[in-house]
Q: 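Could you have a look at this structure, given as structure tokens, before my questions?
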Protein chains: 2
Amino acid sequence: MNDVARLAGVSIKTVSRVVNDEPSVHPDTADRVLAAIERLGFRRNLGARNLRRGSGTGTLGLIVEDVGNPFYSELHRAVERIAIRHGRRVLTGSSEEIPDRERELALEFCARRVDGLLVVPAGTRHGYLLPEMRAGTPVVFVDRPPGDIAADTVLVDNAGGTAAAVAHLVAHGHRRIAFVADSPEIFTAAERLRGFREGCATAGVPCAERLVVMRTPTRESVAEAAHRVLTCPDPATAVVAGNNRVTVHLVRALAGAGRRPALVGFDDFELADLLDPPVSVVAHDVSALGEAAAELLLARVRGDQSPPRKVVLPVRIEARGSGEVAA
Amino acid sequence: MNDVARLAGVSIKTVSRVVNDEPSVHPDTADRVLAAIERLGFRRNLGARNLRRGSGTGTLGLIVEDVGNPFYSELHRAVERIAIRHGRRVLTGSSEEIPDRERELALEFCARRVDGLLVVPAGTRHGYLLPEMRAGTPVVFVDRPPGDIAADTVLVDNAGGTAAAVAHLVAHGHRRIAFVADSPEIFTAAERLRGFREGCATAGVPCAERLVVMRTPTRESVAEAAHRVLTCPDPATAVVAGNNRVTVHLVRALAGAGRRPALVGFDDFELADLLDPPVSVVAHDVSALGEAAAELLLARVRGDQSPPRKVVLPVRIEARGSGEVAA
DNA sequence: TCGTCGGGAGACAACGTTGTCATGATGTCG
DNA sequence: CGACATCATGACAACGTTGTCTCCCGACGA
């Protein structure tokens with residue numbers, strides 16, 4: 001900026017005036033400055049600007065489990081869309097479901113002075129965020145609630161979804177229904193299990209513990225779980241999958257099998273309708289989730305001080321055939 | 001930091017020493033300072049730090065078409081992985097395939113003083129980046145080359161891929177092969193068309209212009225294209241799809257049809273193997289693409305001044321059945 | 001003619017850090 | 001016992017901006 005000022009024969013402050021197009025700069029002067037800027041390839045340093053102005057950095061932080069997972073990338077996209085609309089960029093990080101990495105990312109984003117933080121929590125303890133929140137960085141939790149603090153949270157109706165899945169299967173005559181999901185330490189998995197049990201209770205069908213398998217879904221672990229619930233005494237005739245990865249692994253595990261159980265997945269996924277049979281799912285609007293969270297966060301950024309809010313978005317059964325297999 | 005210093009009864013510089021754990025601070029003093037930091041919830045301002053140190057901001061910029069597209073989110077993930085390994089974060093933006101948005105994002109990222117920029121270009125003119133590059137921000141182009149400047153570029157073997165797809169189909173007896181792809185203004189689409197033609201020439205099969213349809217793939221446009229190439233005189237018996245979206249739309253369009261053409265897609269996608277028939281594709285390693293680009297960029301950040309490099313990653317045919325349908 | 005007003009521009013400080021240098025206290029060695 | 005290295009700390013400037021205040025000058029009304 002100094003160089004620009006020298007080249008244009010003005011003071012540094014006048015250059016500042018020009019780049020911020022403040023009024024009360026003589027057009028001729030402005031032209032000289034613009035020419036100098038052009039010639040030197042000057043670009044103002046936003047970091048310094050933000051420091052001086054004390055305003056925010058125009059950045060939102062987003063922490064998810066894995067930016068490469070389609071579920072989270074759709075979330076990311078929705079957040080980005082809202083952020084852009086408010087003139088902000090998104091800084092993203094993958095926690096890899098490791099609480100320490102979540103914490104590290106969150107604190108670093110705060111050190112970078114993001115205007116606000118969106119977190120899909122990996123851990124269950126979030127006291128470390130309290131100082132930051134008190135210091136004025138609003139935080140909104142997405143898809144899962146914080147562990148031990150009160151804060152804005154946007155969720156989907158997990159329990160309602162699995163309960164509906166069970167009802168759907170029972171309506172097609174199933175009475176021995178399995179539930180295969182992620183580890184119960186994960187909030188969504190635990191909630192979906194709760195809904196599964198409630199659904200069973202409501203429908204008056206038994207909920208056999210041996211038909212419930214919960215652990216981190218890998219291709220192998222899900223295949224093993226499928227084998228177990230389908231070959232035990234009184235085997236399952238239908239399966240509820242706890243999330244999109246479980247569903248995909250299950251579809252793969254069942255692909256070779258002869259007689260297949262009915263299946264309802266949680267989370268919609270591309271091509272579900274083109275599989276054979278098409279996979280019924282508990283669908284929810286991931287974009288709406290991201291948008292709601294981002295809007296809530298931005299309201300906080302703008303100064304909304306009302307008590308922490310909890311938003312629960314609805315889910316719906318997307319019946320495509322795999323759930324309609326008769327018992 | 002002032003407050004911390006006051007509370008700990010030391011100078012602000014000593015606080016700085018503690019947070020950077022420089023040696024030569026008396027342990028007792030350090031403890032007092034740490035206590036004060038804890039009590040006040042102090043977090044150092046990385047913006048100010050970066051400004052003062054003149055070092056980079058520890059950030060890489062990544063511009064893609066759409067962070068929500070699985071192809072780009074996998075790329076994002078790979079870039080993030082490498083960035084983290086070098087202690088850096090990733091600032092991402094979606095250009096939405098609009099040259100002006102690409103430019104706007106790139107320049108803003110430069111103004112934020114990213115250490116380097118990864119760009120999947122939307123436009124074909126990149127002169128606007130020259131000043132930034134001269135000013136020391138390295139730029140690496142990913143998946144598509146820059147329009148009118150010389151710069152590092154990491155691509156996949158687009159032409160080789162479609163040529164191989166044609167060879168694969170010819171080997172199964174096909175002689176009337178269609179090519180459905182994105183608009184030829186998109187570099188990858190144009191290259192794949194070139195490879196398609198070369199493949200036809202090499203195999204000695206005709207390349208009828210009416211079997212080539214190129215435009216922005218939507219569900220409708222692809223369905224229409226499929227209908228056209230399959231119902232014209234001398235209709236196609238096989239189709240090469242130009243990218244993952246075209247492939248998915250094609251699968252959907254063909255799902256209801258009776259006798260289906262053979263199909264080879266470009267870009268692998270989840271569940272391709274579980275469709276009926278499983279979809280053969282020209283596969284390439286998106287993670288490798290992102291990693292190679294990020295590594296190259298980081299080498300530049302570290303000061304590598306060698307001439308611009310062009311890296312072309314290999315592709316391979318993933319034969320799953322849909323390409324083996326006999327003519 | 002004088003006082004006033006407003007446009008155009010610059011000097012200076014400050015944002016929150018850290019690099020450089022200086023200081024005083026303490027210990028060490030010949 | 002003096003010269004000197006070492007340790008612990010602080011004062012100060014600087015990074016690249018922008019907010020505030022001030023100054024100058026020409027125009028305008030009384």
Q: Using a strict threshold of under 4.0 Å (side-chain N to carboxylate O), is an ion pair present between Glu74(A) and Arg81(A)?
A: no

Q: In this structure, how many angstroms lie between the P atom of dT17(C) and the CZ atom of Arg53(B), rounded?
A: 13 Å

Q: With the threshold set at 4.0 Å, does a side-chain nitrogen-carboxylate oxygen contact exist between Glu295(A) and Arg302(A)?
A: no

Q: If we fit an axis to the first five pairs and another to the last five of the helix from dT1(C)-dA30(D) to dG30(C)-dC1(D), what angle do they make, to the nearest 10°?
A: 50°

Q: Any Lys/Arg nitrogen of Glu38(A) or Arg43(A) sitting under 4.0 Å from an Asp/Glu carboxylate oxygen of the other?
A: no

Q: For Arg6(A) and dG10(C), give me the distance from atom CZ to atom C1', rounded to whole Å.
A: 16 Å

Q: For Asn45(A) and dG16(D), what is the distance between atoms CG and C1' respectively, to the nearest whole Å?
A: 6 Å

Q: Please determine, by modelled atom types, if His284(A) and Asp267(A) share a side-chain donor-acceptor pair under 3.5 angstrom.
A: yes

Q: Val114(B) and Thr137(B): which non-hydrogen atoms are nearest, and at how many Å?
A: O-CG2, 4.1 Å

Q: Nearest whole angstrom, please: distance from the C1' of dT18(D) to the CZ of Arg44(A).
A: 10 Å

Q: Would you mind telling me which of dG10(D), dG16(C), dT17(D) lies closest to the side-chain atoms of Met1(A)?
A: dT17(D)

Q: Are Asp148(B) and Arg125(B) within salt-bridge range, i.e. N to O under 4.0 Å?
A: yes

Q: Nearest-Å distance, CG (Leu51(A)) to P (dG19(D))?
A: 13 Å

Q: Go through dG19(D), dT18(C), dT17(C) for me and flag the one nearest to the Ala48(B) side chain.
A: dT17(C)

Q: Between P on dA13(D) and CZ on Arg52(B), what's the gap in Å once rounded to a whole number?
A: 12 Å

Q: Is the phosphate of dG16(D) approached by Arg49(A) (side-chain N or O, under 4.0 Å from OP1 or OP2)?
A: no

Q: Measure CG/Asn2(B) against P/dA11(D) and give the value in whole Å, please.
A: 11 Å

Q: Output the rounded distance in Å from CG (Asn50(B)) to C1' (dT17(C)).
A: 10 Å

Q: Parallel, tilted or perpendicular: which describes the rings of His76(B) and His76(A), with under 30° parallel and over 60° perpendicular?
A: tilted

Q: Any ion pair linking Asp3(B) and Arg6(B) (charged N to carboxylate O, less than 4.0 Å)?
A: yes

Q: Could you list by number each residue of residues 12-37 of chain A showing a heavy-atom separation from DNA chain C of less than 4.0 Å, or answer none if no residue does?
A: Lys13(A), Thr14(A), Arg17(A), Ser24(A), Val25(A), His26(A), Thr29(A)

Q: Output yes when Glu132(A) and Arg112(A) qualify as a salt bridge under the 4.0 Å nitrogen-oxygen rule, no when they do not.
A: no

